[in-house]
2 protein chains.
Amino acid sequence: MGFQPVMDARKRRILEAVTDDYINTAEPVGSRTIARRYNLGVSPATIRNEMADLEESGYLEQPHTSSGRIPSEKGYRFYVDFIMKRKPVSEDERARIRRTLAEKRREIDLIIEETARILAHLSRYAAFVLSPISRAGVFRRVEILPVDSRNVLVILIIDPGFVRTHLIATGRPLTRQQLAHIAQFLNLRLANLPLSRIGTQLLREIKSELDDYNSFVDATIEAIAQSLEDRHEEQVYSDGQVNLLEQPEFQDISKARTVLEFLAEDDALYELLSGVVETRGVTVTIGREAGHPSMNLCSMVSAPYEVRGVPMGALGVVGPTRMHYSRVVALVEFVAENLGDILTRILVM
Amino acid sequence: MGFQPVMDARKRRILEAVTDDYINTAEPVGSRTIARRYNLGVSPATIRNEMADLEESGYLEQPHTSSGRIPSEKGYRFYVDFIMKRKPVSEDERARIRRTLAEKRREIDLIIEETARILAHLSRYAAFVLSPISRAGVFRRVEILPVDSRNVLVILIIDPGFVRTHLIATGRPLTRQQLAHIAQFLNLRLANLPLSRIGTQLLREIKSELDDYNSFVDATIEAIAQSLEDRHEEQVYSDGQVNLLEQPEFQDISKARTVLEFLAEDDALYELLSGVVETRGVTVTIGREAGHPSMNLCSMVSAPYEVRGVPMGALGVVGPTRMHYSRVVALVEFVAENLGDILTRILVM
DNA sequence: TTTAGCACTCTGGTCGTGCGAGTGCTAACG
DNA sequence: CGTTAGCACTCGCACGACCAGAGTGCTAAA
């Protein structure tokens with residue numbers, strides 16, 4: 001990172017031209033095309049020579065002998081890191097994003113959902129949003145509300161401003177007082193702890209203490225424990241997977257299946273995105289860099305979003321490696337910032 | 001319904017054979033094949049004659065002259081209504097369904113989600129579950145819980161045993177007492193009303209009354225109103241859409257896209273399933289019967305699920321018209337019953 | 001160092017061709 | 001009179017040939 005390999009200006013321009021063209025047309029691009037469409041002031045023959053060099057150093061590749069060139073992963077990498085200019089999000093799109101998010105200003109889950117939707121819609125790829133909470137939060141308090149004689153609603157309140165509720169069947173009726181006791185005890189032990197500190201062992205401790213105190217709340221406390229140590233189920237919101245079917249690289253149904261099957265697994269997505277929370281700014285992951293075979297044909301553009309400088313979640317766009325990086329990078333950045341702003345406004349820190 | 005068109009036994013057996021074979025192989029089936037694979041005791045020539053008749057009366061069709069026959073929608077209809085025998089769910093599968101649902105016995109949303117998952121998995125098609133609540137419920141009470149100075153959690157408790165929570169930014173701080181007042185007032189007006197009775201006008205009334213009472217709770221009450229009259233957002237759980245890509249009829253990506261795009265819209269699914277709640281038992285909807293162009297190539301097997309005889313929601317499987325009806329019908333029926341049972345056990349009526 | 005020219009390669013589309021599966025019809029059969 | 005065997009006919013599809021177009025690498029000239 002930050003180290004820029006040596007490459008003379010003309011090679012850069014050619015790599016840029018090949019990449020741009022391929023991104024737009026999805027066809028291998030030849031020297032003639034470049035000479036015609038981009039005026040580099042040199043002849044196709046010269047371009048051919050340069051392209052041969054670029055291929056040798058691994059930035060371009062040929063799908064088959066005597067066909068045009070396409071960028072390799074390394075080529076995309078270079079393009080993204082050193083050549084590409086972000087294509088600013090149009091005022092139209094900005095307005096639209098702001099409006100959409102502002103409309104649903106009331107409920108966090110809806111905002112997140114809407115974010116995934118608009119991101120998918122504007123990128124024309126698949127979009128994912130990892131909802132906030134996670135490690136950054138602090139446990140504030142728990143409330144337990146009787147719903148009926150056998151069900152209680154456990155409400156976990158996380159600072160800043162998030163709430164997780166769990167409807168739990170208790171098995172046996174519990175009185176309001178009993179519930180209050182349990183809640184009180186839990187709050188005593190957990191209040192103001194960072195979520196990252198609340199691990200399985202602490203919960204086990206608390207559980208055993210509560211067992212002594214009142215043996216038949218077992219089920220309840222266990223469920224609470226579960227919900228806290230939970231791998232944050234349901235926290236990845238996604239949209240636009242079908243958009244990928246528009247891409248020529250996924251006309252082959254077996255390729256499409258590999259990707260869509262992968263993207264349909266919540267766990268896989270969670271894993272993909274959870275690492276993003278720790279990054280800063282927009283990250284582009286190209287093809288095999290993701291380290292997952294099903295994603296070999298895909299790239300991901302991702303960014304964390306922050307509330308007052310604290311990263312709270314992440315979002316991203318997944319498309320073919322031949323992705324409109326310049327557009328998507330800017331889009332992801334803008335949406336991440338915007339989501340952060342909206343959340344900051346809603347949440348009281 | 002109930003009226004069985006005249007059709008002699010041999011024609012029935014042939015229609016059955018054609019349908020079964022086509023369902024299994026996805027290839028148009030010819031007279032020779034039938035004579036070989038199913039021993040009807042007659043020669044291919046006879047079968048040809050019968051098939052010509054069946055085609056004339058609209059039960060079979062030929063993709064192109066001098067190719068085998070495939071069932072028409074009318075053919076499937078007859079097959080489903082009068083010929084097919086449900087293929088009982090294997091003991092293995094039963095056990096698996098019961099176990100899966102029982103595991104997640106604590107939280108209704110998880111149960112619903114898991115139901116969609118197992119249904120998709122066992123049917124190998126796409127599965128949908130419309131979560132309970134809906135018209136059948138009775139509003140029991142609302143609780144409003146302060147989360148922090150600007151956010152409240154509105155908890156709607158519906159009988160039987162369902163809970164909807166909404167995290168709402170109030171704009172201005174509200175005291176605990178104010179919240180209690182509002183809740184009390186709402187409960188006075190809404191408690192024990194069937195949800196079907198709580199319409200936009202009633203809510204508007206209440207809102208205006210509350211406006212008088214305390215003008216700045218506007219946002220809150222409006223949000224509550226919204227959440228009640230809401231088109232039940234997020235209530236359709238789906239899974240297994242990618243399974244459809246396995247089907248030969250969707251190898252053509254453009255066909256696959258039409259269907260998957262349709263199935264990706266929550267609203268469309270909601271519409272599709274919400275009608276099912278009013279039906280009894282398993283319903284099979286074949287191709288264009290669904291009345292939606294995107295579903296022309298698909299069939300749906302659906303059923304409501306009930307808690308103590310009251311229909312609470314619905315579930316269904318969507319696959320190609322060439323669907324394993326005998327298997328799926330039995331599966332859907334079993335899962336619907338099971339889900340009903342599980343919910344009955346959890347919910348206190 | 002760049003460019004023009006040229007021979008070569010490879011892909012993708014089009015066109016026949018042949019094969020196999022299946023039909024409809026006719027005539028024979030029980 | 002229903003059933004069956006036989007036969008000519010029809011398609012769709014897979015296969016191979018063929019051609020055009022795009023693009024390359026190389027060589028030699030500018």
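To find a chain, count down the sequence lines: A is the first, B the second, and so on, and within it residues start at 1.
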ask   = A/Arg36 has an atom CZ; how far is it from atom C1' of D/dA22, in whole Å?
value = 10 Å

query = B/Glu61 has an atom CD; how far is it from atom C1' of C/dT23, in whole Å?
reply = 17 Å

ask   = With distance as the sole criterion, do the side chain of B/Arg48 and the base of D/dG6 form a donor-acceptor contact below 3.5 Å?
value = yes

Residue met sooner reading DNA chain D from 5', once A/Thr33 and A/Asn49 are mapped to nucleotides = A/Thr33

query = Atom CD of A/Gln62 and atom P of C/dT9: how far apart are they, to the nearest Å?
reply = 14 Å

message = Regarding C/dG22, can its base be found pairing with the side chain of B/Arg32 as donor and acceptor, where the two atoms are less than 3.5 Å apart?
response = no

query = Looking only at heavy atoms, which two atoms of A/Arg288 and A/Glu73 are closest? And how far apart?
reply = N-OE2, 3.2 Å

ask   = Just checking, any donor-acceptor pair under 3.5 angstrom between side chains of A/Asp252 and A/Ser254?
value = yes

inquiry  = Using 30° and 60° as the class boundaries, would you call the ring planes of B/Phe262 and B/His292 parallel, tilted or perpendicular?
reply    = tilted

message = Can you measure B/Ile47 atom CD1 to D/dT4 atom C1' for me and round it to whole angstrom units?
response = 12 Å

ask   = Any donor-acceptor pair under 3.5 Å joining the side chain of B/Ser66 to the base of D/dT10?
value = yes

request  = Indicate yes or no: at least one non-hydrogen side-chain atom of A/Glu289 is less than 4.5 angstrom from one of A/Val284.
outcome  = no

task = Could you pick out which residue, A/Ala45 or B/Thr65, lies toward the 5' side of DNA chain D when each is mapped onto its nearest nucleotide?
result = B/Thr65

